[in-house]
Amino acid sequence: MLFSRTLIPTLKETPAEAEVISHQLMLRAGFIRKLAAGIYTWLPLGYRVLRKVEAIVRQEMDKAGAQEMLMPGVQPAELWQESGRWEHYGKELLRFMDRHDHGFCLAPTHEEVITDLVRREVRSYRDMPLNLYQVQTKFRDEIRPRFGIMRAREFLMKDAYSFDVDEETSAESYRQMHAAYRAVFDRLGLRYRAVEADTGSIGGSFSHEFMVLAATGEDDIASCTACDYGANVEKAEVVLPPGEPAQPGQAVASVATPGTHTVEAVAKFLGVEARAVAKTLIYLADGQPVAACVRGDRELNEIKFKNLLNANEVFLASPEVIAQVTGGPLGFSGPLGLKIPIWADQELYREAALVVGANQADTHLTGLHLGRDVPAARQADLRSVVVGDPCPRCAGGTINLDRGIEVGHIFRLGTKYSQALGANYLDAEGNSKPIVMGCYGIGVSRIVAAAIEQGNDSNGIILPLAIAPFSVAVLPMSTSGQAWDEGQRLYQELRAAGVDVLLDDRDLRPGVKFKDGDLLGIPYRLVVGEKGLKNGQVELKHRASGQVEMLPLNEAVAAVTRLVREGGGQSL
RNA sequence: CGGGGCGUAGCGCAGCAUGGUAGCGCACCUGCCUUGGGCGCAGGGGGUCGGCGGUUCAAAUCCGCCCGCCCCGACCA
């Protein structure tokens, strides 16, 4: 393509609205423009990147035996009422009426439609296994869209659904999708991890998330230094290092601790480590008060706690509720004497003498031994993992933490949706059984932002070859003379070789072309100028490494073509 | 939805405490010049100052209401 004939409105300055680097650079490089909060137009260059991501996803899904289809973006209320989600999905579901006052919504996901289709069309075990997918625009009316494309209201997603006759074959479908996802992310050229994940509101037996590693990611992910264990911190298990429960020692004693509302203050006041203090948090789980105790230097993992309680929602109780439940003010809660269910983190049982709140203002108890003094407490894994924890899967490995951006999530759903919506089939014996499902999402547009979040420097975007808007940019240093002629020739020959190439044919100073070239994230750059031509050479610069090499004019096309082919470059 | 901030030319911003009819840099257009890292010189175009209403002889500036956007929080593949 010719730069001068393509809409690439680059910006020198960063628009004030953009907070994260990927958003800033996508605006500056002319990839996207905002139409409304969380709603973006993809300009030619950004759209090329999006289409390249989409192409890889599509190829790998097809290779894995999934079949592409396309479902409606506007869906009738009736279907959502049947699944119960018309009421329960909340305000994220954008609803409206048509001219006949019939309710509709913009699809935030497609479980209803696909399940409706399958319950009508799939009747026999002979029709399965079946895997259907689409690449489609979703709309979720997020409370607070942010970070540009990363958390937009309208976004492009690949969603696939598998249908099997039993758990065993469904597990096989899941494994195939897992492998296909690995193939997708390998080809994309991104640093990523597949980790065990919480299933959240989608439900199902278990799931994996695919995380692109980036310091600005919104998720914390744990991984083992020795084996391939990885998990979202929401889900990551804590196992204790080898050891015995502590034996009870001193007796419980009450001490005055005026004004010490926090663990730090109590520990400092009493001259003990924070880990010797147990904090007791009063939660409401689906409206019922429960207590959770963790070591003073640990964080309670609310997701684990919620799953443990099998609750729909848990949140911290208000000071009023705390006073009512414990008899003492916020900041002085403790497990002793509580009449509500008490859960205590497993590692507290390793402590012989804990400091806890006395459920009374300005008072704590010392010498508490959980096993001896609070027999009603139930032991569980409640806290979040931290760096250095032992790996739950292997001996010797320890936990490391990274930040990640969730770009894929796969679930085994079991029969949750098929039973609710009556999607059944007849087996070989003529028995009616619920179809066993799985669902598999990839945030196609989010991948573009994640890739830029992972690949950038002070000069702009650095994209992997597979998804760069162009594989190579040709920059003639002049719009006349030999530099121009040779630039044109290189451009034509690269095109003929099937390489995605951009010719910067603008009549601008070299500096401008260099700056724009760097900003756009094109992996290779051929500079055609007098300097090199004197020696019959052109300059090849690698965007990522900054490495520069001089190539003889007549070898440049072959060299670049080879680099692009071997590096997994695509052409649109 | 709660808390905070912002809305002045395409972008980044100043002007607003103390009201007097709008300015700077970049971008854009024209000419000359320059041509390996966002040149230089000269000239030029572009603004209902987010919207509506009020106060005033006079409002970007003061007051009220509304709208939009950004950040933090709760929520979410």
Side-chain angles (χ1 to χ4, degrees), chain A residues 9-20 23-24 27-28 30 33-39 89-93 107-111 138-148 150-153 155-160 197-204 207-211 218-219 232 234 302-303 312-316 404-411 439-447 450 458-460 475-481 483-484 504 506-519 525-534 538-539 541 546 548 550:
Chain A
T10 59
L11 264 26
K12 262 191 207 177
E13 288 173 287
T14 303
E17 69 188 42
E19 176 78 0
V20 296
H23 189 196
Q24 294 175 356
L27 290 169
R28 284 192 54 207
R33 287 293 184 261
K34 184 174 68 183
L35 183 63
I39 301 178
Y89 209 95
K91 288 190 176 170
E92 261 187 47
L93 185 65
T109 176
H110 284 75
E111 278 88 9
K138 303 273 192 268
F139 191 93
R140 294 183 190 170
D141 201 358
E142 292 264 354
I143 296 169
R144 186 153 83 85
R146 58 185 131 171
F147 306 148
M150 285 260 275
R151 186 177 285 273
R153 288 196 290 176
F155 57 99
L156 192 66
M157 182 170 176
K158 185 283 302 177
D159 48 323
D198 182 63
T199 53
S201 59
I202 299 277
S207 76
H208 284 88
E209 286 170 334
F210 288 78
M211 297 283 194
E218 291 188 85
D219 287 287
N232 193 307
E234 292 177 351
E302 287 191 8
I303 306 276
N312 290 318
E313 58 173 15
V314 298
F315 53 89
L316 277 168
I405 300 165
E406 181 187 351
V407 290
H409 202 158
I410 60 179
F411 299 83
C439 78
Y440 317 91
I442 288 183
V444 177
S445 49
R446 183 182 276 182
I447 283 175
S458 59
N459 291 316
L475 273 57
M477 290 295 92
S478 163
T479 50
S480 62
W484 178 249
D504 194 343
R506 297 174 300 171
D507 186 13
L508 292 172
R509 299 175 60 82
V512 178
K513 296 188 180 188
F514 290 143
K515 288 289 185 189
D516 275 346
D518 287 345
L519 179 60
R525 181 174 81 195
L526 278 175
V527 180
V528 191
E530 274 185 34
K531 242 190 213 174
L533 289 175
K534 273 190 300 197
V538 292
E539 174 193 299
K541 183 165 181 180
V548 174
M550 299 306 295

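Throughout, a chain's letter reflects where its sequence line sits, starting with A, and its residues are numbered from 1.
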>> Test of understanding: with side chain to side chain contact (heavy atoms under 4.5 Å, CB included), list the residues that count as partners of A:Pro145, not counting sequence neighbours.
In response: A:Ala37, A:Glu142, A:Arg153

Any [X] side-chain heavy atom under 4.5 Å of [Y] side chain:
{"X": "A:Lys91", "Y": "A:Asp141", "answer": "no"}
{"X": "A:Arg140", "Y": "A:Thr109", "answer": "yes"}
{"X": "A:Leu526", "Y": "A:Glu539", "answer": "no"}
{"X": "A:Lys541", "Y": "A:Val527", "answer": "no"}
{"X": "A:Tyr440", "Y": "A:Ile442", "answer": "no"}

Restricting to nitrogen or oxygen on both sides, can you table the protein-nucleotides 1-3 of chain B pairs closer than 3.5 Å?
none

In whole angstroms, how far is the [atom2] atom of [N] from the [atom1] atom of [X]?
{"X": "A:Leu93", "N": "B:rC75", "atom1": "CG", "atom2": "C1'", "result": "15 Å"}
{"X": "A:Gln24", "N": "B:rC11", "atom1": "CD", "atom2": "C1'", "result": "14 Å"}
{"X": "A:Leu11", "N": "B:rA27", "atom1": "CG", "atom2": "C1'", "result": "9 Å"}
{"X": "A:Arg146", "N": "B:rC6", "atom1": "CZ", "atom2": "P", "result": "21 Å"}
{"X": "A:Asp141", "N": "B:rC76", "atom1": "CG", "atom2": "P", "result": "15 Å"}
{"X": "A:Glu17", "N": "B:rC69", "atom1": "CD", "atom2": "P", "result": "10 Å"}
{"X": "A:His23", "N": "B:rC70", "atom1": "NE2", "atom2": "P", "result": "8 Å"}
{"X": "A:Leu27", "N": "B:rC26", "atom1": "CG", "atom2": "P", "result": "22 Å"}

> Of A:Met150 and A:Leu533, whose closest RNA chain B nucleotide lies nearer the 5' terminus?
Replying inline: A:Leu533

> If you find the nucleotide of RNA chain B closest to A:Val407 and the one closest to A:Lys531, which residue's nucleotide is nearer the 5' end?
Replying inline: A:Lys531

When you measure from the side chain of [X] to the backbone N and O of [Y], does any donor-acceptor pair fall under 3.5 Å?
{"X": "A:Arg33", "Y": "A:Leu27", "result": "yes"}
{"X": "A:Arg446", "Y": "A:Met150", "result": "yes"}
{"X": "A:Ser445", "Y": "A:Leu156", "result": "yes"}

Spacing of the [atom1] atoms in [M] and [N] (rounded, Å):
{"N": "B:rG40", "M": "B:rC33", "atom1": "C1'", "result": "7 Å"}
{"N": "B:rC16", "M": "B:rU61", "atom1": "P", "result": "13 Å"}
{"N": "B:rC28", "M": "B:rC11", "atom1": "P", "result": "15 Å"}
{"N": "B:rC63", "M": "B:rA59", "atom1": "P", "result": "16 Å"}
{"N": "B:rG15", "M": "B:rA9", "atom1": "C1'", "result": "15 Å"}
{"N": "B:rG47", "M": "B:rA60", "atom1": "P", "result": "16 Å"}
{"N": "B:rG50", "M": "B:rG37", "atom1": "C1'", "result": "39 Å"}
{"N": "B:rC67", "M": "B:rC29", "atom1": "C1'", "result": "34 Å"}

Base-pairing mate for [N] - Watson-Crick or G-U, with both contacts under 3.5 Å:
{"N": "B:rG20", "answer": "B:rC57"}
{"N": "B:rG25", "answer": "B:rC11"}
{"N": "B:rG37", "answer": "none"}
{"N": "B:rG2", "answer": "B:rC72"}

Report which part of the nucleic acid [X] touches: base, sugar-phosphate, or nothing (heavy-atom distance under 4.0 Å, all strands).
{"X": "A:Gly38", "value": "nothing"}
{"X": "A:Asp516", "value": "base"}
{"X": "A:Arg28", "value": "base"}
{"X": "A:Arg153", "value": "nothing"}
{"X": "A:Phe315", "value": "nothing"}
{"X": "A:Glu209", "value": "nothing"}
{"X": "A:Gly441", "value": "nothing"}
{"X": "A:Lys138", "value": "nothing"}

Please state whether the base of [N] and the side chain of [X] form at least one donor-acceptor pair under 3.5 Å?
{"X": "A:Arg151", "N": "B:rC76", "result": "yes"}
{"X": "A:Lys12", "N": "B:rG37", "result": "no"}
{"X": "A:Glu530", "N": "B:rG36", "result": "no"}

Choose from [options] the nucleotide whose nearest atom is closest to any side-chain atom of [X].
{"X": "A:Met477", "options": "B:rC11, B:rC69, B:rG36", "result": "B:rG36"}
{"X": "A:Asp518", "options": "B:rG37, B:rG12, B:rC70", "result": "B:rG37"}
{"X": "A:Pro15", "options": "B:rG37, B:rG36, B:rC11", "result": "B:rC11"}
{"X": "A:Glu13", "options": "B:rG38, B:rC26, B:rC69", "result": "B:rC26"}

>> Once side-chain hydrogen bond (donor to acceptor under 3.5 Å, both in side chains) is applied, do any residues pair with A:Lys515, and if so which ones, sequence neighbours excluded?
In response: none

